[in-house]
Protein chains: 2
Amino acid sequence: MGSKAKKFEPNEYDSVLFSVDPVILTMINGHLNVLLVKREQEPEKDRWALPGGRVDKKNCDDLDAAVKLKLRQKTGLDHAYAEQAFTEGGSDMDPRGWSLTTVYISLLCNDDIDLSKNDTGEEVAWYPVKKLDELGPLAFWHNLLIERALSRLRDKVVYTDLPMRLMPEEFTIHELRQVYEEILSGVLARPSFFKRMTTADILVDTGRKKSLGSRPAALYRYKNRSKTHIFPGMLEAKREESMR
Amino acid sequence: MGSKAKKFEPNEYDSVLFSVDPVILTMINGHLNVLLVKREQEPEKDRWALPGGRVDKKNCDDLDAAVKLKLRQKTGLDHAYAEQAFTEGGSDMDPRGWSLTTVYISLLCNDDIDLSKNDTGEEVAWYPVKKLDELGPLAFWHNLLIERALSRLRDKVVYTDLPMRLMPEEFTIHELRQVYEEILSGVLARPSFFKRMTTADILVDTGRKKSLGSRPAALYRYKNRSKTHIFPGMLEAKREESMR
DNA sequence: ATAATAGTGTCTTTCAGACATTATGAT
DNA sequence: ATCATAATGTCTGAAAGACACTATTAT
């Protein structure tokens, strides 16, 4: 098939082309954005793609190390949150042959990131996930991979405090709710949300306030950012918030 | 490293050894059992292992097809339930080199299975998951893979009706509860469980009864076995049921 | 009748949703 | 004073846990 497809007959039966593809998400101006890079190589040259790729087996002893390396290379962050979402594979994903990708969800706060720290020299950019279709098709099946990752994220957000990984050090409960609403594309009842968060023993009131032209809101901080809290019940997001 | 390791320098950088490893579970005599096969080849010859292995890329267009093929080969079942759990990879898992495995959880009813249908001619056996340590170490990291798969299963069982895939066509609510309790290694309150199941609109009373020396229990059947029900709240299993 | 277990009723607790009310700072 | 919105109180409803009670069969 492809003219540039490389040949590797020996042991081809046992091995597959493999890549790790992190879906790196952050909040920018109230909207969820995903990190993309522009491919400089065939196949799919000049298309936007997830900032993943082949695993450097010499420097990575296991999958987790491979993901951490990708994240460091693309965002400059050393301890970004990443969780494995799923693995997809098949003969149609990549013209070079039967290939496999493990998709991770990585959530981080935009304040912590400096894209100029990007190791790779590629063109990288944040893009709002809700406008991805305006960008045209991404490389490979990355549109599909992102959609599945977001679906998984939405499933988990209704019963966990995962969105905390998108928040800056200090934030108001209102800001936190907006992040939940953005992820769920729906509206949440304010009092329920407030109670849920303040009774869960996961937040600390810093005592300071943040004012935006009305009653100032209390600034909170997470008590323990390293472990994900599971709430006893599930949130219910209402439709609406369609346009903007 | 290993003396039998095959060489495939061309493009080795891009590809990894890959296998699919289903954790196939069923209930036997009230206990959760996992399907194992005895390896007939090096490495790890003569050790018990998960019934997985390399993917036949010529006959499988994607990952799902690969898992379905494994299940058919090992159990003779064509439409067994299987769900992807996670993927693990690294340089220490297999002496032949950096390798990757995607683990699936497959749940099925023992009544449906005839191990003599096994395609492969290997020695296969069911083994109780709670006695796996008595069997000695499994091949590769399969003890760890099974433990992680079971952990995932336990997490999901408290808010879904996944165990239905382990039940025969008709069953009593008591039998269903015993399956939940076996998976969770805990005791569930009978009335809560009964209400949860009978109010969820997932069961049909067949009208028939099953008697075991006292008041006969109603026999139920699942209304729709193909979609997993999500309950609004979570079950809480109590300790105990230690020995047996 | 008694034993044994299936099934049910009732009460309490927990927690989310809805709605109304109070609090606080900017103007 | 008025406005905007943060925070909270109260009520309701859904669903799980606990416990007691009733039902039905075998013996």
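Computed from a predicted model, the values in this text were never measured in an experiment. Each chain gets a letter, A, B and so on, in the order the sequences are listed, and its residues count up from 1.
- Heavy atoms only, all atoms of each residue included: B:Leu176 and B:Met197 are closest at CD2-SD, 3.9 Å.
- Atom NZ in B:Lys210 sits about 15 Å away from atom P in C:dT5, given to the nearest Å.
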For residues 225-235 of chain B, which side-chain donor-acceptor pairs fall under 3.5 Å, sequence neighbours excluded?
unit_1, atom_1, unit_2, atom_2, d
B:Arg225, NH2, B:Met164, O, 2.9
B:Arg225, NH2, B:Met167, O, 2.5
B:Ser226, OG, B:Asn224, OD1, 2.8
B:Thr228, OG1, B:Arg165, NH1, 3.4

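- Rounded to whole Å, the distance from CG on B:Leu219 to C1' on C:dA6 is 12 Å.
- Taking atom CG of B:Leu203 as the reference point, atom P of C:dA6 lies 16 Å away to the nearest angstrom.
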For nucleotides 22-27 of chain C, which of its nitrogen or oxygen atoms have a protein nitrogen or oxygen under 3.5 Å away, and what is each distance?
unit_1, atom_1, unit_2, atom_2, d
C:dA23, O4', A:Arg215, NH1, 3.4
C:dA23, N3, A:Arg215, NH1, 3.0

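- Checking B:Ala189 against B:Pro232, the closest nucleotide of DNA chain D that is more toward the 5' end is the one next to B:Pro232.
- Atom CD of A:Glu236 is separated from atom P of C:dC15 by 17 Å (rounded to the nearest Å).
- Under the rule for a ring-ring contact (aromatic ring centres under 6.0 Å, His included), the partners of A:Tyr222 that lie at least two apart in sequence or sit in another chain are A:Phe171.
- Residues passing the side chain to side chain contact (heavy atoms under 4.5 Å, CB included) test with A:Glu236: none are found, sequence neighbours excluded.
- Protein chain A contacts DNA chain D from D:dA4 to D:dT10, reading 5' to 3' and using non-hydrogen atoms of the protein with a distance under 4.0 Å.
- Within residues 190-200 of chain A, the residues that place at least one heavy atom under 4.0 Å from DNA chain D are, in residue-number order, A:Arg190, A:Pro191, A:Phe194, A:Lys195.
- Protein atom CZ of A:Phe231 is 11 Å distant from nucleotide atom P of C:dC15, rounded to whole Å.
- For the side chain to side chain contact (heavy atoms under 4.5 Å, CB included) test, residues two or more places apart in sequence or in another chain that qualify with B:Val37 are B:Pro51, B:Glu122, B:Val124.
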Practice problem: Show the numbers, then the answer: is there a side chain to side chain donor-acceptor pair (under 3.5 Å) between A:Ser185 and A:Lys130? | Solution: CA-CA 10 Å; A:Ser185 296; A:Lys130 290 186 179 160; 3.2 Å; yes
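- Partners of B:Thr199 according to the side chain to side chain contact (heavy atoms under 4.5 Å, CB included) rule, which considers only residues two or more places apart in sequence or in another chain, do not exist here.
- Annotation: ring-ring contact (aromatic ring centres under 6.0 Å, His included) contacts of A:Tyr180 (sequence neighbours excluded): A:Phe193.
- Taking B:Asp78 as the reference, B:Arg72 meet the side chain to side chain contact (heavy atoms under 4.5 Å, CB included) condition, with sequence neighbours excluded.
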Name every donor-acceptor pair, under 3.5 Å, that has one atom in a side chain of residues 131-144 of chain A and the other anywhere in the protein, sequence neighbours excluded.
unit_1, atom_1, unit_2, atom_2, d
A:Trp141, NE1, A:Asp92, O, 3.4
A:His142, ND1, A:Leu50, N, 2.9

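- Residues forming a salt bridge (charged side-chain N to carboxylate O under 4.0 Å, His left out) with B:Arg196 (at least two apart in sequence, or on another chain): none.
- Comparing A:His174 and B:Ala237 along DNA chain D, the residue whose closest nucleotide (by nearest heavy atom) sits nearer the 5' end is A:His174.
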